[in-house]
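Quick notes on the structure that follows.
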Amino acid sequence: MACIRTYVRLKPKKSSGGYFQTDDTRITASLPEATTISPQGLGPHYTQPNITYEFLFHKLFPENSDQSQIFDSVAVDIVDGFLNGYNGTIFAYGQTGSGKTYTIEGESNDYSKRGLSARAVTRIYKSLEKRA
């Protein structure tokens, strides 16, 4: 039960840059040409062709993932652990405007788009109701 898991949810993009490839657990960023400039302009700058970075995660959620898929994969085990006496944390991290608040809080005017927190509270109350 005691482990850290990392997940990525891709936000729909306005235009495709074509630099990223994804699968279920990985993002690969391939930059055709990158120019590196030394700090404060000191020293030479150089161009490095074909830089590739690979980032691995427990699961990557594509742009068309809905809130229920995120909850089922990320939060159910944590909420159930909480109900059995374990501590659990869901920590959303990312750039401003990347979708953290939407994932955690969701939309208040559309029940199917509730975020992780509302779904967690619902699961907790349903569980307590069954125990009563």
Side-chain angles (χ1 to χ4, degrees):
M1 181 62 107
C3 69
I4 296 174
R5 296 184 183 163
T6 55
Y7 299 91
V8 170
R9 181 179 195 176
L10 297 178
K11 182 177 179 180
K13 46 188 184 266
K14 296 177 184 171
S15 64
S16 62
Y19 298 120
F20 299 98
Q21 288 98 30
T22 62
D23 61 30
D24 288 345
T25 59
R26 167 188 353 248
I27 296 176
T28 304
S30 298
L31 307 175
E33 184 175 287
T35 301
T36 303
I37 300 174
S38 62
Q40 301 176 357
L42 302 173
H45 69 276
Y46 59 93
T47 300
Q48 184 175 357
N50 302 324
I51 297 174
T52 301
Y53 298 98
E54 185 174 273
F55 305 94
L56 298 174
F57 305 95
H58 284 89
K59 184 162 179 63
L60 185 140
F61 298 97
E63 298 167 350
N64 60 352
S65 297
D66 63 30
Q67 296 285 66
S68 64
Q69 292 171 315
I70 306 296
F71 181 75
D72 291 343
S73 294
V74 174
V76 166
D77 288 343
I78 294 171
V79 173
D80 290 348
F82 164 77
L83 290 165
N84 290 312
Y86 294 95
N87 293 326
T89 300
I90 296 173
F91 181 77
Y93 180 81
Q95 184 175 345
T96 300
S98 63
K100 301 175 300 294
T101 301
Y102 177 77
T103 298
I104 298 296
E105 294 182 10
E107 292 183 17
S108 60
N109 58 350
D110 187 342
Y111 188 79
S112 67
K113 294 182 180 177
R114 294 171 297 139
L116 296 182
S117 60
R119 291 171 190 271
V121 169
T122 299
R123 188 170 183 92
I124 290 166
Y125 277 109
K126 284 184 178 180
S127 176
L128 293 175
E129 187 176 74
K130 289 178 187 175
R131 293 180 185 189

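If you chain together hydrophobic residues whose side chains sit under 4.5 Å apart, Y93 and L116 never meet in one group. Under the 4.5 Å side-chain contact rule for hydrophobic residues, I90 and V76 share a cluster.
Annotation: salt bridge (charged side-chain N to carboxylate O under 4.0 Å, His left out) contacts of D23 (sequence neighbours excluded): R26.
Of the inter-residue distances, the one linking D110 atom CG with Q67 atom CD reads 9.5 Å to the nearest 0.5 angstrom. Here CZ of F61 is found 10.5 Å from CG of L10. Values are rounded to the nearest 0.5 Å. N64 contributes atom CG, which lies 7.0 Å from atom CD of Q69 (distance to the nearest 0.5 angstrom). The CG atom of D72 sits 10.0 Å away from atom CG of D77, with the distance rounded to the nearest 0.5 Å. The NE2 atom of H58 lies 5.5 Å from the OG1 atom of T6; values are rounded to the nearest 0.5 Å. In this structure, CD in E107 is found 4.5 Å from NZ in K113, a value given to the nearest 0.5 Å.
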Using a 3.5 Å cut-off and no angle test, enumerate the donor-acceptor pairs between side-chain atoms of residues 95-103 and protein atoms at least two apart in sequence or in another chain.
residue, atom, partner, partner atom, Å
S98, OG, Q95, O, 2.7
K100, NZ, G94, O, 3.1
K100, NZ, Q95, O, 3.0
T103, OG1, R9, NH1, 3.1
T103, OG1, G99, O, 3.0

Donor-acceptor contacts, no H, no angles, side chain residues 124-132, under 3.5 Å, sequence neighbours left out:
residue, atom, partner, partner atom, Å
R131, NH1, L83, O, 3.3
R131, NH2, L83, O, 3.1

Test side chain to side chain contact (heavy atoms under 4.5 Å, CB included) on I70 and Y7 and set out the steps. CA-CA 9 Å; I70 306 296; Y7 299 91; over 6 Å; no
Determine, step by step, whether S112 and D66 satisfy the side chain to side chain contact (heavy atoms under 4.5 Å, CB included) criterion, reporting the C-alpha distance in whole Å, the side-chain angles of both residues, the deciding distance to 0.1 Å, and the verdict. CA-CA 9 Å; S112 67; D66 63 30; over 6 Å; no
Tell me, with the steps shown, if F55 and V8 meet side chain to side chain contact (heavy atoms under 4.5 Å, CB included). CA-CA 10 Å; F55 305 94; V8 170; over 6 Å; no
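Side-chain atoms of R119 come within 3.5 Å of backbone N or O of R114 as a donor-acceptor pair.
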